[in-house]
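What you see is a predicted model; the values in this text were computed from it and never measured. Residue numbering restarts at 1 for every chain, and letters A, B, ... go by the order of the sequence lines. Hydrogens, waters and symmetry mates play no part in the numbers below; they use all other heavy atoms, side chains included.
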Amino acid sequence: MNPTADVIIIGGGINGCAAAYYLAKKGVKNVIVLEASDSIGHGGSSRNGGGVRQSGRDVRELPYVMYGIKHLWPGLSDELGVDVEYTQKGNLRLGKTEKHLEKLKTLADNAKKVGLDVRMIGKEEVKEINPYLSDDIIGASWCPTDGHANPLMATLGFYKKSLSMGVKYYTGAEVASLKKIKGRLRQVILKDGTIFEGEKVIVAAGYESRYIVRTVGIDVPMTRYFDQALVTEMQPEMFPQMLGTADANFYGHQTKHGSFVFGSDCGLEETMDMPLNEMKTISMTLPSSCRAIEGYIPALKDAKIVRSWGGWLDMCLDGVPVISPVDVVPGLILACGFTGHGFGSAPAVGLILAQMAMEEETVVDMSALRYDRFDPYQ
Amino acid sequence: MKRIKNHPILGETPERKVVHFTFDGKDMTGYEGEPIAAALKAAGVMVHRYTAKRHEPRGIFCAIGRCTDCVMIVNGKPNIRTCITPLEEGTDVKTQYGVSAERNQ
Amino acid sequence: MTDIQEVLNKIGPYEPAEDDHLLVCRCEEVTKGEIRKAVHEGMFTIEELRRYLRCGMGLCQGQTCGKLVKGIVARELGVAVTDVTPATSRAPMRPTEMEIAGNDGGEQA
Amino acid sequence: MRIERYDMIVIGAGPAGLSAAIEAAKCGIKPIVFDENARPGGQLFKQIHKFFGSKEHKAKMRGFNIGKELLEEAEKAGVKVVLGATVTGLFDGKEVTVRIGDTIKHVQGDSILVATGASENMVNFDGWTLPGVIGAGAAQTMMNLHHVKPGDRILMLGTGNVGLVVSYQLMQAGCEVVALVDAAPRVGGYGVHASKVARCGVPFYLSHTILRAEGDDHVTGVVIGEVGPGWKVIPGTEKHFDVDTICLAVGLSPMAQLLSMAGCQMNDTKGGYVPVIDEDGMTSIDGVFSAGDVTGIEEASSAMIEGRISGLAVAHYLGYIDDAEKQQRIEEQEKALDALRQGMFAPQNRGKKIEKTEEGIPVSENLLDKGYIADDEIARYPGVTHKKGIHPVIECTQNIPCNPCQDACKFGCISIGDNITSLPVVTEDSQCTGCGMCVASCSGQAIFLVEEDVEPGYGEVTMPYEFLPLPKKGDCGVALGRDGKVVCDAEVTKIRSAKAFDHTNLLTIKVPNDMLMKARFFKSQE
């Protein structure tokens, strides 16, 4: 007999692990997670900059992101039994030109409309909040309820906790296709021929989700984008805020460990033609990132970089993810296209996916993120 | 004395230029261009730093710049690999506590 | 394919050992016991262990402890050392100051 | 952004990298070699002992002199070596980033040869992070490059060639080595290397391991214990030594990080994480080659030949030589490489216990257990003969690829034959003049001259001597046996130094006739 579960989750990243955890917490006994690589959190979940922020997001994302920050992140370390290093000390999005400030103001105004506490601040206030920043900065948007966490610990925390609650994890389990039986999605077929059967199947496999759901006639309009990040040696404690720029040339924060983690790109990443299972860094990114970071945080010029890495982003056509049951393939739930900002929302998304799998009402309305929103213009 | 003056195979150690440096504020001498770690070793200094977490002493381990155990604060900058950083006149070397020059970390 | 729960059952629970206090990763000060325990919590790969415990993530990037960690994991899992995949090496190979890393003749961003 | 471009980029100016660059340059390529160190030559300049092999392998030359020759050859061939140049990454498109001083350069090659060598393995025990616990390589670096003693009283862990050679070097630098310890039940390195340490009086503790390093802020002592079944220390076997330094020599691992980062197909082997390479040394990435220890640990002599082969392979890859030339020139090198990979310590024999020599003579058990050959074992080897007049006694008992002694004797006393791993034979009817060339030429310091009845009841033993201060004629002292224990009183009758001996002095002592086959080292009495 094929291994059978109430819910099969494809993708052992943070969304998959979080969904598994909330399902187990809800008492679902039989949950299977299939991870294609050998390691949990091999993709973007462990490669991102750790931002847990609301500011700067599309308004369609704000309801569930805000829910997560209000209700899930604060107690997550206790709940999972590992320190996810959640720090809610605000997010500064920095600007050096009037044009930057205009851009930031538009984002802030939109967010304010849905109830987010975010405002524009001037040079002096920026310096008060963070004295290490460059004098070239003329203003910023400031969201005091934003923050950051440790993506490595959060991902593995959900994994470890759900594993201890009985969730079955398989690594090296590369999915080839999905198969309907009698009109409902039922089977998950691996490349080695193994078949798993489930009542519900959640696909949360990043860009690869596209190849998987295509086998049941569903497509998500995504592109893939390669992004790089770096980490410095341990530094004395400097500042707790999450930083970003209007120019989007870097983002990052100081971790509890003392090292700084920054994500950044050099502009050449758009055209990368590397296969998805390769994540080789390109030589121009690190220098370019360093120049960008130094331009905003001159105090870090002597901080030594110990490592840099890259990862694939699943960029959705309209910049926000698909988090949605797929009506035409009963039993299928899709969560992909996170467009490079899926980490901060992961606990909420995990909870919502669990609710979708159990056909409960979700904690917030998710209709703006449906899979079938991409209608032709004409 | 830790300096090898004469060696059965390598012969007499060539004369080198003496330079002055400070270790935790104390005046010391060494040879120009030799690794800071060699000058400290010759002076009998064993402890280069105390670790961040367990506050344990560390010194030279690999001596070729790989293990990073011998790092110290050199001219104000922390985490400098002393085994491959050449000594110069006036180099200021400090014991490193965690990543700082302050003991009470 | 690895069935994590099956391996966990096979290797049994973490049993403290008298040398658990030994430091393995000198840079990040991670002990043998922490590594052994993490394996029994489901961290079977060097990649996961590095992320979970920071062993091999310090200034030397695992150049000193890489082999030791592999040995501990192999023993805990009951597999050959060569079956434990080492961590991916990443640039820069030696710690590089941000100012110097940025000094490659590229344009100011 | 300007990217400099070269035909061939070599990473690592050690024996493999330099040799490759030399061969490639001879074919018309202008290679550039990057090395992160302040000096080229890799580990060669820390090697102050004489190397094994035969003439073509530069046998009986000391490592640092081989390094000097290699550098001269590189310069003559027009190889550009950039020092203090750390390659920080190897990227797609055969591009490397190199840190030189305070700038990063991007450099691209039509071919890249990675010859980054190896790094030391480490073991952990209580107190292994204390200052004073160092790698054997660190000890070599400090004493042989920087002229600083690593410590005064030192315990060495590891009896492989590195542990043995470095122990001897420590004594040459004026340090005291209190013990050699190895968890394995047998000495791992060459018997001749062990013997020259053992006869100085350093005890070997096989099947022993370090229990703990003692000290608060730095090492003040060490406790070892005997290893029993299941690698557990047998209670009651603990031994304490007052030391200020503990040296670790527990093997080397290929340093293949750049290749792994570049995405080369890797193979995890018992000898380390190494790139998969073809017979030319090319990795799975077209145009990226690799040679030397980074492809698997061997001797520097092998690395130099491997490097030359890779250099030729690169020249062929870039179209500088044709198939026929490549074939012919690589064949020559492979013959030389093959010769080095023979004998008891050949790669294919690693980990095996060899009971008998190629000649069918039982291997000395004592040598493997304690580091020296017992008096009653020595007579069975073909280099050990008994004669009244002066003659060489060659205590070479293992098949290792080495034959300088054969050429050293102009009078044909010593014969090894075509197979360079054969044990040297002292021919019956030869005329030894006592010139001592054989004694100085033996890289293993295993040749002695013995003469009976120099005066009534007394004879003379001539031995290699590489320590300071040099004893003087007339000095009185004691003779030590192969086990380093005092066997009798002795008087220095002759001390010879010559350029041709290359810093191996010939020390002649007078001992009673019945001690001639026992006295193997001399200690002055102060």
Residue part contacting chain A, namely of [X], when any heavy atom lies under 4.5 Å:
{"X": "Gln61(C)", "value": "side chain"}
{"X": "Ile46(C)", "value": "neither"}
{"X": "Met57(C)", "value": "both"}
{"X": "Arg94(C)", "value": "backbone"}

Which portion of [X] sits near chain C, non-hydrogen atoms under 4.5 angstrom:
{"X": "Thr194(A)", "answer": "side chain"}
{"X": "Leu34(A)", "answer": "neither"}
{"X": "Val82(A)", "answer": "side chain"}
{"X": "Ser289(A)", "answer": "neither"}
{"X": "Ile293(A)", "answer": "side chain"}
{"X": "His42(A)", "answer": "both"}

Looking at Lys160(A), Met234(A), Glu233(A), which makes the most heavy-atom pairs under 4.5 Å with chain C? Lys160(A)

Who among Gly310(A), Cys290(A), Cys266(A) has the most heavy-atom pairs with chain C under 4.5 Å? Cys290(A)

Side-chain ion pair, [X] and [Y], N-O less than 4.0 Å:
{"X": "Glu6(C)", "Y": "Lys10(C)", "answer": "no"}
{"X": "Glu294(A)", "Y": "Lys301(A)", "answer": "no"}
{"X": "Arg291(A)", "Y": "Asp104(C)", "answer": "yes"}

Determine the interplanar angle of the His253(A) and His148(A) rings, folded into 0 to 90°, and report it as parallel if under 30°, tilted if 30 to 60°, perpendicular if over 60°. parallel

How are the rings of Phe262(A) and Phe250(A) set to each other: parallel, tilted or perpendicular (split at 30° and 60°)? perpendicular

Against the six-membered ring of Phe226(A), is Lys280(A) placed for a cation-pi contact (under 6.0 Å from the centre, within 45° of the normal)? no

Distance alone, cut at 3.5 Å: any donor-acceptor contact between the side chains of Tyr296(A) and Asp247(A)? no

Is a side-chain donor-acceptor pair under 3.5 Å present for Gln228(A) with Ser308(A)? no

Between Ala20(A) and Val33(A), the two heavy atoms sitting closest are CB-CG2, 3.7 Å

Top contributor to chain A contacts, counting heavy-atom pairs under 4.5 Å, from Glu28(C), Arg50(C), Glu48(C): Glu48(C)

